[in-house]
Chemist: 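Dropping a structure here in structure tokens format, bear with me for questions.
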Amino acid sequence: MRIDIITVLPQLLESPFEHSILKRAADKGLVEVNVINLRDYSDHKQKSVDDYSFGGGAGMVMCIEPIANCINALKRERTYDEVIYTSPDGQRLDQKLSNRLSTLNNIIILCGHYKGVDQRVRDHFITREISIGDYVLSGGELAAAVIADSVIRLLPGAISDETSALTDSFQDGLLAPPVYTRPAEYNGWKVPEILLSGHNANIENWRHEQSLERTRLLRPDLLD
Ligand code: ADE
């Protein structure tokens, strides 16, 4: 899978892909994440990528030209399954959407900034707008990192324990059960007996019950 992230702040995206599961996935060749500086596609002397809003109003708007230059250059190299724009207006990211995105070959993520992007970009280049929640970030970079992280960890082979990503919270519509590790007792606080029993079927039943109980308690909306 290839993820091209277009941004005016490439420095913000240097670190997230350099560690742990995301780095391992890249090292194994499961994913290639390319961070592209939008300013490299500006025709202006000062490399500006934004301008005042027609009709007035506070805040700058991202211009269509550098974005079109950039997306068209990428599209000359390969076909893209989705051109995503990060925006609080978008479809809310959830596990189902991450699963779907993880099956694609090539995606572009355009990070929003300032007061937004010229509407013509959204009308003519963007195939999907995604929000990571009902709050406003200073820019789309952190949202792009969240989207990419949730997708990359699902790629087969990204997580060493094959079943690990499949047993995540939300993967079956339920929250994950509680987990414990050594010591079996700390400060008088004991690990549930059943987990030490070695009886796999009973343990699986217990975990499922715990998942249901947690979901009922913390996220009843998921059971609707
Ligand atoms: N840009 C600003 N806020 C955002 C959000 N909540 N989700 C995605 N992109 C954003």
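Order of appearance sets the numbers: ligands from 1, and atoms from 1 within every ligand. We're numbering straight along the sequence, starting at 1. Here the structure is a predicted model, which is why all the values come from computation and not from measurement. What's counted below: heavy atoms across the whole structure, side chains too, no hydrogens, waters or symmetry copies.
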Chemist: Using a plain distance cutoff, I'd like to know if Ala143 has any nitrogen or oxygen under 3.5 Å from a nitrogen or oxygen of ligand 1.
Modeler: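 Among all N and O atoms of Ala143, none is under 3.5 Å from an N or O of ligand 1.
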Chemist: Going by the atom numbers of ligand 1, which of them fall below 4.0 Å from some non-hydrogen atom of Val136?
Modeler: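 It comes down to these atoms of ligand 1: 3 (N).
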Chemist: Applying a strict 4.0 Å limit to heavy atoms, is Ile130 in contact with ligand 1?
Modeler: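 Right, Ile130 reaches ligand 1.
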Chemist: So if I count the atoms of ligand 1 from 1 in the order they appear, which ones are less than 4.0 Å from some heavy atom of Tyr135?
Modeler: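 Reading through ligand 1 atom by atom, the close ones are 3 (N), 5 (C), 6 (N).
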Chemist: Among all protein heavy atoms, pick out the one at the shortest distance from atom 4 (C) of ligand 1; state its residue, atom name and that distance to 0.1 Å.
Modeler: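 Looking only at protein heavy atoms, the one closest to atom 4 (C) of ligand 1 is Pro88 CD, 3.6 Å.
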Chemist: Hey, is the main chain of Ser48 close enough, under 3.5 Å, to the side chain of Ser42 for a donor-acceptor pair?
Modeler: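 Yes, because the side chain of Ser42 sits within donor-acceptor range (under 3.5 Å) of the backbone of Ser48.
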Chemist: What heavy-atom pair brings Thr86 and Gly112 nearest, and what distance separates the two atoms?
Modeler: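 Closest approach of Thr86 to Gly112, heavy atoms only: OG1-N, 3.1 Å.
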Chemist: Side chains of Glu141 and His113 only: does a donor on one sit below 3.5 Å from an acceptor on the other?
Modeler: yes
Chemist: Asp4 and side-chain contact (heavy atoms from CB on, under 4.5 Å): which single residue from Ile109, Leu74, Val33 fits?
Modeler: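 The option that passes is Leu74.
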Chemist: For Val191, which fellow cluster members are found when Ile, Leu, Val, Met, Phe, Trp and Tyr are connected by side-chain heavy-atom distances below 4.5 angstrom, either directly or through intermediates?
Modeler: Tyr180, Ile194, Leu195, Leu196, Ile203, Trp206
Chemist: Looking only at protein heavy atoms, which one is nearest to atom 9 (N) of ligand 1, and how far off is it?
Modeler: Ser87 N, 3.2 Å
Chemist: Does any N or O of ligand 1 fall below 3.5 Å from an N or O anywhere on Leu137, backbone included?
Modeler: yes
Chemist: At under 4.0 Å between heavy atoms, is it the side chain or the backbone of Ser138 that contacts ligand 1, or both, or neither?
Modeler: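 Looking at Ser138 and ligand 1, no heavy atom falls under 4.0 Å.
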Chemist: For the residue pair Leu101 and Ile84, establish whether any side-chain heavy-atom pair is separated by less than 4.5 Å.
Modeler: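 Answer yes - side chains close enough.
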Chemist: Is Gly112 close enough to touch ligand 1? Criterion: a residue heavy atom under 4.0 Å from a ligand atom.
Modeler: no
Chemist: Considering only the protein, which heavy-atom contact is closest to atom 7 (N) of ligand 1, and what is its distance?
Modeler: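 Here the nearest protein heavy atom works out to Ile132 N, 3.0 Å.
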Chemist: Would the distance check show the side chain of Arg78 and the main-chain N or O of Asn106 forming a donor-acceptor pair, the cut-off being under 3.5 Å?
Modeler: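 The answer is no, because no donor-acceptor pair under 3.5 Å joins these two groups.
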